[in-house]
There are 2 protein chains.
Amino acid sequence: MGDATQSRRARLRAEATSEIKAIALRHMAAGGPASISLRAIAREMGMTAGAIYSYFGSRDDLITALTADVYDSLADVLEASHRTAPDDAPHERVLAHARAYRTWAIAHPDEFRLIYGDPVPGYEAPEDGPAQEAEHRLCAALLGLVAAAWPQAAAAREQGGYEWTDFQPGLVAMARSTFPDLPPAAVALCLRVWSRMHGLLALEVYGHLRHQVHDPEKLYEADMLDLIRSLGLVA
Amino acid sequence: MGDATQSRRARLRAEATSEIKAIALRHMAAGGPASISLRAIAREMGMTAGAIYSYFGSRDDLITALTADVYDSLADVLEASHRTAPDDAPHERVLAHARAYRTWAIAHPDEFRLIYGDPVPGYEAPEDGPAQEAEHRLCAALLGLVAAAWPQAAAAREQGGYEWTDFQPGLVAMARSTFPDLPPAAVALCLRVWSRMHGLLALEVYGHLRHQVHDPEKLYEADMLDLIRSLGLVA
DNA sequence: CGAGATTACTACACACCGTTCAGAGTTGGC
DNA sequence: GCCAACTCTGAACGGTGTGTAGTAATCTCG
């Protein structure tokens, strides 16, 4: 592999690795996250099940890799949504973020479950891995959202009650380095904004609104408008 | 079984049925919803796996029965919380409901997942069953909450934008029969209040706040206070 | 009370699953 | 060209849910 181009074996390995992940994602889209089966993937690739272990140490490792990919694709979507709204219109940016979040979740419900629900039967996420890093991108996107809104939002809410020690060190480090002027209350607000978007979406994706309401999007839209109003972002 | 007392067989059947469910719940508490195994339950009862099929038609049927039980226990807790707050103090009632919801979820995370997440690998909830009925109890509790708050909350929000046709017939029927004076906007608000409580809780139960904040309860409490404030329930 | 239907259970079989392991064949670096 | 690393096979182990046949106990009803 001394050459600028990868060796033949490295290239084949990379292709096989991404083919495994692609098939896994397709199976997941067809039958939910639980229907990811090493044997089924291997069968489709014309291999035996054991061969997968050349690429992923276990099924959980595959899930972890998929989770990281999905996190990244979601982060891409959310970051792209920020660029559709001007910097000086935080309420549009929050709305764009919220809509991008929902659009993605509805278009990829299984990916949403993979990240935010029980990914798979007995799967336990590793404490630190690529997923953690990708999760940071999401967190940074949300922080950017709140940071842009904070000057207008700060007036609308009391800032007291939160200290840096309320948060985990990793989050504090990221927040203070990326947005040095942001107070701890803004980080707390960020988490609450996140939960606000997440709540209705989780209920919808898991089917708990199906028996209640015809058009969940209308409800979501109304709640997001209420959110930016309660943030003081709109008159 | 013409007698007032059940026949011997019926009694044994009822005992075995609830023993199966009890063991399943215990296994779930030990290893998550995915670790419910008919064979493990049968082993613990000194039976073979096939014997379970005398009591539940399939593993999914067991899960469905468990789900109904869990729904009921949650509904019990929430309804009890309403009785701790006086009728004329809707903000206390909302807070009591929210706190009871969180306390239950944190104490029974697997039951929470069973209801609100992927219950189990390939499980698909039946369209109509005991779970639907129990879900109605939860919905009724929430409606009662909003109904009590509506006189004060109505002033704080515009009532327009929602019609009865926006909701599923079952929900409309329940709402209009139980609370005849409630407008459709109140039902929409009810769902949004639900999602507000659910969002932070889902993030916490599934571990997404673990890397962010030390004390999720503090965040939840703050958000619930913000909720009753935005509802106009407190000055 | 006793014949017949219903139920509870075992034992076995089937088709999956993740995982491991010895070995064969291939590739790549030295 | 040699030897190490890699990729894959095929078989095995233990686990799962789910059916089916047969047996024994229990209940129902004439």
Side-chain angles (χ1 to χ4, degrees), chain A residues 1-21 23-24 27-28 30-66 118-124 126, chain B residues 1-21 23-24 27-28 30-66 118-124 126:
Chain A
M1 65 165 163
D3 280 6
T5 167
Q6 289 181 336
S7 73
R8 166 182 162 80
R9 189 143 76 183
R11 182 169 41 83
L12 288 179
R13 180 182 178 82
E15 283 173 6
T17 303
S18 54
E19 185 182 357
I20 290 173
K21 292 199 286 189
I23 295 178
H27 284 192
M28 187 176 71
S35 66
I36 296 179
S37 143
L38 296 189
R39 293 189 117 102
I41 295 172
R43 207 179 302 133
E44 193 166 327
M45 295 178 70
M47 299 192 307
T48 54
I52 306 273
Y53 285 79
S54 300
Y55 302 95
F56 299 94
S58 70
R59 181 164 171 251
D60 278 14
D61 285 9
L62 209 203
I63 304 288
T64 301
L66 288 179
D118 273 318
V120 88
Y123 175 73
E124 282 293 325
Chain B
M1 67 162 167
D3 279 6
T5 167
Q6 290 182 335
S7 73
R8 166 182 162 80
R9 189 144 75 183
R11 182 169 41 84
L12 289 179
R13 179 182 179 81
E15 283 173 7
T17 302
S18 55
E19 185 183 356
I20 290 173
K21 293 199 286 188
I23 295 178
H27 284 192
M28 187 175 70
S35 67
I36 297 178
S37 143
L38 296 188
R39 296 189 114 99
I41 295 172
R43 207 178 302 132
E44 193 166 327
M45 294 178 71
M47 298 192 308
T48 55
I52 306 274
Y53 285 80
S54 301
Y55 302 96
F56 298 95
S58 71
R59 191 175 112 108
D60 279 14
D61 285 8
L62 208 205
I63 304 289
T64 301
L66 287 180
D118 274 316
V120 88
Y123 174 74
E124 282 293 326

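In what follows, chains are A, B, ... by sequence order, proteins preceding strands, each numbered from 1. What you are looking at is a predicted structure, and each value in this text was computed from that prediction instead of being measured.
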Atom pair distance, as rounded to whole Å: CE in A:M45 and C1' in D:dT7: 12 Å
Integer-rounded Å distance: D:dA5 C1' and A:Y55 OH: 14 Å
Whole-Å gap separating P (C:dC17) and CD (A:E44): 12 Å
Length of the CD1-P vector between B:I52 and C:dA8, whole Å: 12 Å
Value rounded to 0.5 Å, distance of CG in B:L62 from CG in B:L38: 6.0 Å
Contacts of B:E44 that satisfy salt bridge (charged side-chain N to carboxylate O under 4.0 Å, His left out) - sequence neighbours left out: B:R26
Rounded distance (Å) that lies between atom P of D:dA5 and atom CZ of A:R13: 15 Å
Residues B:K21, B:F56; criterion side-chain contact (heavy atoms from CB on, under 4.5 Å); working and verdict: CA-CA 10 Å; B:K21 293 199 286 188; B:F56 298 95; 3.8 Å; yes
Separation of C:dT19 C1' from A:I41 CD1 (nearest whole Å): 15 Å
Contact state string [nucleotides 11-26 of chain D, B base, S sugar-phosphate only, - no protein heavy atom under 4.0 Å]: -B---BBB------BB
A:L62 CG to C:dT19 C1', straight-line distance once rounded to whole Å: 14 Å
CG on A:L66 to CZ on A:R59, rounded to 0.5 Å: 10.5 Å
Length of the line joining A:I20:CD1 and D:dC8:P, which is rounded to integer Å: 8 Å
